[in-house]
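Since the model is a prediction, treat every value here as computed from it, not as a measurement.
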Amino acid sequence: MMKKKGASEMIAYVLLIVIGISVAFLVYQWLRLQIPTQLEKCPEDVKIIIKDYECMASNEINLIFQNKGFFNIDGVYVRYSDTSEGVPAKSLRPSGVSNSLTNPERGFLYFGLGIPNPLTPDKTYNQTFSYTESIKKVQVQSFILSDKNKIVLCNENTITDKVEC
């Protein structure tokens, strides 16, 4: 009788180990499906510049963007700083007529009116922004939309210009 009791404990341990390994394998397979296999990133030749700007009355600035790269740009994320040494962290709010997808609280601006219309190479886009404090520096970060309509920020192509308003 003693030998049978020892054998059943061994079978229980083996079953416990097999169940644990099976659960770990299932969790691994599930997590593999949840994590994207390829990170979405901007093409290297995406480049936007501030071609010109105009300070207007009532704390507004008109920026003219120009696509100097080889790919379409769907929009920009625009921030400013009130000191020339500071890091631009305050969002410029698009004012006037802009795209319905534009998020003014965060400084995101989709190009086009009514529906998104990418800024094609060598074209310009004119937009008025409102701000609360004086502007000494403006930072523009372009973005594109992925195939799944997700925003892909172009971190490598962020520009910062000194502006006096």
TODO: Ignoring hydrogens and angles, tell me if any N or O in the side chain of Lys90 forms a donor-acceptor pair with the backbone of Tyr80 under 3.5 Å.
DONE: no

TODO: Can you see which heavy atom on Ser84 is nearest to which on Lys136, and at what distance?
DONE: N-CB, 3.6 Å

Open item on the list: Are Ile73 and Phe65 packed together at the side-chain level, in the sense that at least one heavy-atom pair is separated by less than 4.5 angstrom?
Closed with: no

Task: Taking every non-hydrogen atom, the tightest pair across Gln141 and Leu153 - done: NE2-CB, 3.8 Å

Open item on the list: In this structure, is the centre-to-centre distance between the rings of Tyr110 and Phe143 below 6.0 Å?
Closed with: yes

TODO: Taking the side chain as every heavy atom from C-beta outward, state whether Tyr53 and Asp161 have any pair of such atoms under 4.5 Å apart.
DONE: no

Task: Separation of Ile64 CD1 from Asn126 CG (nearest 0.5 Å) - done: 4.5 Å

Open item on the list: Other residues, nucleotides and ligands only: do more than 12 of their heavy atoms fall within 6.0 Å of NZ on Lys47?
Closed with: no

Open item on the list: Once rounded to the nearest 0.5 Å, what's the spacing between atom NZ of Lys123 and atom CG of Asn67?
Closed with: 10.5 Å

Task: Ile144 vs Phe71, side chain to side chain contact (heavy atoms under 4.5 Å, CB included): CA-CA, chis, key distance, verdict - done: CA-CA 9 Å; Ile144 60 171; Phe71 296 96; over 6 Å; no

- [ ] Look up atom CG in Leu31 and atom CG in Leu26, then write down how far apart they are to the nearest 0.5 Å.
- [x] 11.0 Å

Task: Spacing of CG belonging to Leu92 relative to CD1 belonging to Ile135, to within rounding of 0.5 Å - done: 5.0 Å

- [ ] Indicate the atoms forming the closest heavy-atom contact of Thr124 with Lys51, along with that distance.
- [x] CG2-CD, 4.0 Å

Open item on the list: Less than 4.5 Å apart, side chain to side chain, heavy atoms only: is that true for Phe111 and Thr120?
Closed with: no

- [ ] Would you check if Arg79 and Val138 make a side-chain contact, meaning some heavy-atom pair closer than 4.5 Å?
- [x] no

Task: Atom pair CD (Glu54) and CG (Leu63), whose distance is rounded to the nearest 0.5 Å - done: 10.5 Å

Task: Nearest-0.5 Å distance, SG of residue Cys165 to CE of residue Met56 - done: 9.5 Å

Open item on the list: Between Asp82 and Glu133 (side chain of the first, backbone of the second, donor and acceptor by atom type, cut-off under 3.5 Å), is there such a pair?
Closed with: no

TODO: Return the minimal non-hydrogen interatomic distance between Leu119 and Gln66, and the atom names on each side.
DONE: CD2-C, 4.4 Å

Open item on the list: Within the structure provided, determine whether Thr128 and Ile61 are in side-chain contact (heavy-atom separation under 4.5 Å).
Closed with: no

Open item on the list: Can you give me the closest heavy-atom contact between Asn72 and Pro118, atom names plus distance?
Closed with: CB-CB, 3.7 Å

Open item on the list: Tell me the closest heavy-atom pair linking Thr83 and Gly86, and the distance in Å.
Closed with: OG1-N, 2.9 Å

